[in-house]
Chemist: 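This is the structure I have questions about; it appears just below.
In what follows, every chain begins at residue 1, and chains take the letters A, B, ... in the order their sequences are listed.
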Number of protein chains: 2
Amino acid sequence: MQPATKRGRPQEADPRQIARVALGLFERHGFDRVTMGEIAEAASVSRRTLFRLFPSKSDLVWDGLDEVRDLVRQRAATLARADLRVAGVLREFAEPFLRRLDDPEAAELARKRLRLLAAAPALLDHPPLREIEALIATTMAGRTPSGDTPPTLVARTLVAATFAALMWWAEHGEGMSALAATRAALGALAPTDET
Amino acid sequence: MQPATKRGRPQEADPRQIARVALGLFERHGFDRVTMGEIAEAASVSRRTLFRLFPSKSDLVWDGLDEVRDLVRQRAATLARADLRVAGVLREFAEPFLRRLDDPEAAELARKRLRLLAAAPALLDHPPLREIEALIATTMAGRTPSGDTPPTLVARTLVAATFAALMWWAEHGEGMSALAATRAALGALAPTDET
DNA sequence: TGCATTTTGGCACCCGATGCCATAATTGAG
DNA sequence: CTCAATTATGGCATCGGGTGCCAAAATGCA
């Protein structure tokens with residue numbers, strides 16, 4: 001996969017720097033009011049290499065998500081527990097990442113990104129994100145006792161609901177932790193009979 | 001809003017016919033492998049008027065959603081009940097529409113559209129759809145007793161979860177009704193404590 | 001010095017989408 | 001009947017995201 005050899009022309013462009021520049025522009029002017037040409041100019045690279053480093057505009061926002069996806073992959077493969085229900089999925093997948101957001105600085109960065117999402121929903125259509133969803137769903141589906149509600153149904157609904165809760169938290173959840181918001185939302189969804 | 005008068009050049013293009021043609025092409029070749037130019041040619045209109053009738057490619061898939069949105073608007077304005085919780089939202093908003101899917105023919109059309117969604121998630125980024133979500137969310141937020149979990153949080157999570165359940169139903173829910181799948185999924189989401 | 005290797009960036013092009021404008025087809029008023 | 005107002009159509013140019021192709025630069029290695 002990686003060349004590892006140091007032959008060839010060395011890479012001049014710094015992807016993380018470029019992503020930082022882009023994120024700054026997005027926050028200031030809005031995601032879709034910033035053109036790839038402007039980002040390229042602001043980062044002092046050509047439009048062409050910008051597209052080579054970040055094949056889509058969304059990749060600039062989701063920079064770093066690949067590593068999260070790898071962690072989720074690893075966690076999914078490692079998990080040997082049989083009975084993995086909703087509470088288990090939250091404990092094993094959501095909590096380890098959400099706890100990072102206890103750090104106010106990390107929380108603020110996460111909020112910035114999530115607010116970008118709310119303003120430009122096209123960002124949700126992102127392959128690594130879809131793969132994380134699918135990983136959680138299939139892992140859960142394989143480890144849930146059958147007989148009750150179809151596991152794939154629960155899994156996909158759970159992931160969607162969790163993301164929605166996170167988006168809400170980014171905008172209105174100032175007082176509470178991301179994890180608390182997620183738990184509260186999931187708990188409130190059961191359609192208890194009323195008059 | 002509407003001209004109502006019959007002056008001016010009569011409309012030659014038939015939007016519903018065009019949408020049908022487009023839907024057929026999408027099913028056969030996949031949403032993003034069909035170009036607007038091809039649709040225009042297949043429907044015997046110019047690319048320009050195609051874009052005037054359907055400002056975005058997604059509008060071809062979501063043709064007719066505006067009327068659904070109007071119904072939801074009306075329903076939201078009419079609803080006078082105070083305490084409108086999760087079960088109430090399902091009863092007042094989801095059920096009236098999901099019941100239409102008891103008709104096998106309507107169910108098959110809905111499945112076609114939802115399967116298109118699963119294959120091209122960009123279709124989910126559609127203004128009328130967002131407005132329906134927002135309508136339900138704000139209606140619910142205004143009628144839920146405060147004190148417990150923030151209503152806007154519950155509302156947005158509920159809508160996201162319901163859509164996810166519908167998408168699952170379109171692909172794997174052959175045996176069951178759309179409403180049953182939704183209910184089952186929501187009920188299973190509460191994180192009951194386990195070991 | 002040359003050669004393989006890798007990055008860079010320029011160019012042309014595709015596709016979705018938008019603005020502008022000339023033109024066609026109709027109704028209604030004189 | 002004639003003409004103006006009105007509405008739909010479609011051609012043209014342009015923009016922005018995205019891709020393929022290819023030549024030029026910059027390095028390690030023989």
Chemist: Under 4.0 angstrom, heavy atoms only, what part of the nucleic acid is A:Thr35 near: base, sugar-phosphate, or nothing?
Modeler: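 Counting heavy atoms under 4.0 Å across all strands, the contact made by A:Thr35 is with sugar-phosphate only.
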Chemist: Roughly how far apart are A:Phe93 CZ and A:Thr162 OG1, rounded to 0.5 Å?
Modeler: 12.0 Å
Chemist: Using atom NE2 of B:His126 as one end and atom C1' of C:dG16 as the other, report the distance to the nearest whole Å.
Modeler: 15 Å
Chemist: Let me know the distance between CZ of A:Arg47 and C1' of D:dC15, rounded to the nearest Å.
Modeler: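 These atoms are roughly 10 Å apart.
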Chemist: Can you see if the side chain of B:Thr49 gets near the phosphate of D:dA8 - specifically, an N or O under 4.0 Å from OP1 or OP2?
Modeler: no
Chemist: Rounding to a whole Å, what distance do you find between B:Glu38:CD and C:dC14:P?
Modeler: 13 Å
Chemist: Consider only side-chain N and O atoms of B:Thr157 and A:Trp168, and report whether a donor and an acceptor are under 3.5 Å apart.
Modeler: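 Side-chain D/A pair, B:Thr157 to A:Trp168: absent.
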Chemist: In terms of side-chain geometry, is the basic nitrogen of B:Glu108 or B:Arg115 positioned less than 4.0 Å from the acidic oxygen of its partner?
Modeler: yes
Chemist: Rounded to whole Å, please give me the gap between CD in B:Gln11 and C1' in C:dT27.
Modeler: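 About 17 Å, once rounded to whole Å.
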Chemist: Distance criterion of 3.5 Å, no angle test: do you see the side chain of B:Arg52 paired donor-to-acceptor with the base of D:dG10?
Modeler: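 When only heavy-atom distances are counted, B:Arg52 does reach the base of D:dG10 through a donor-acceptor pair under 3.5 Å.
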Chemist: Is any side-chain N or O of B:Arg48 under 3.5 Å from a base N or O of C:dG19, one able to act as donor and the other as acceptor?
Modeler: yes
Chemist: Is B:Arg7 side chain donor-acceptor paired with the D:dA8 base, going by distance under 3.5 Å alone?
Modeler: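 Flag unset: no donor-acceptor pair detected.
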Chemist: Indicate yes or no for a side-chain donor-acceptor contact from B:Trp169 to the backbone of B:Leu179 under 3.5 Å, with no hydrogens or angles considered.
Modeler: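 No, because the side chain of B:Trp169 does not come within donor-acceptor range (under 3.5 Å) of the backbone of B:Leu179.
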Chemist: On DNA chain C, does the nearest nucleotide to B:Gly37 precede the nearest nucleotide to B:Pro10 from the 5' side, or the other way round? Give the residue.
Modeler: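 Looking at the nearest nucleotide for each, B:Gly37 comes out on the 5' side.
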Chemist: Given atom CG of A:Leu53 and atom P of C:dT8, what is their separation to the nearest angstrom?
Modeler: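 Interatomic distance, CG of A:Leu53 to P of C:dT8: 6 Å.
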Chemist: Rounded to whole angstroms, how far apart are CD1 on A:Ile18 and P on C:dT7?
Modeler: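 Result: 13 Å.
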Chemist: Please state how far atom CG in B:Asp59 lies from atom C1' in C:dG16, giving the value in whole angstrom units.
Modeler: 13 Å
Chemist: Are the charged groups of A:Glu95 and A:Arg99 less than 4.0 angstrom apart, N to O?
Modeler: yes
Chemist: If you assign B:Arg9 and B:Met36 each to the DNA chain C nucleotide with the nearest heavy atom, which residue ends up on the more 5' nucleotide?
Modeler: B:Met36
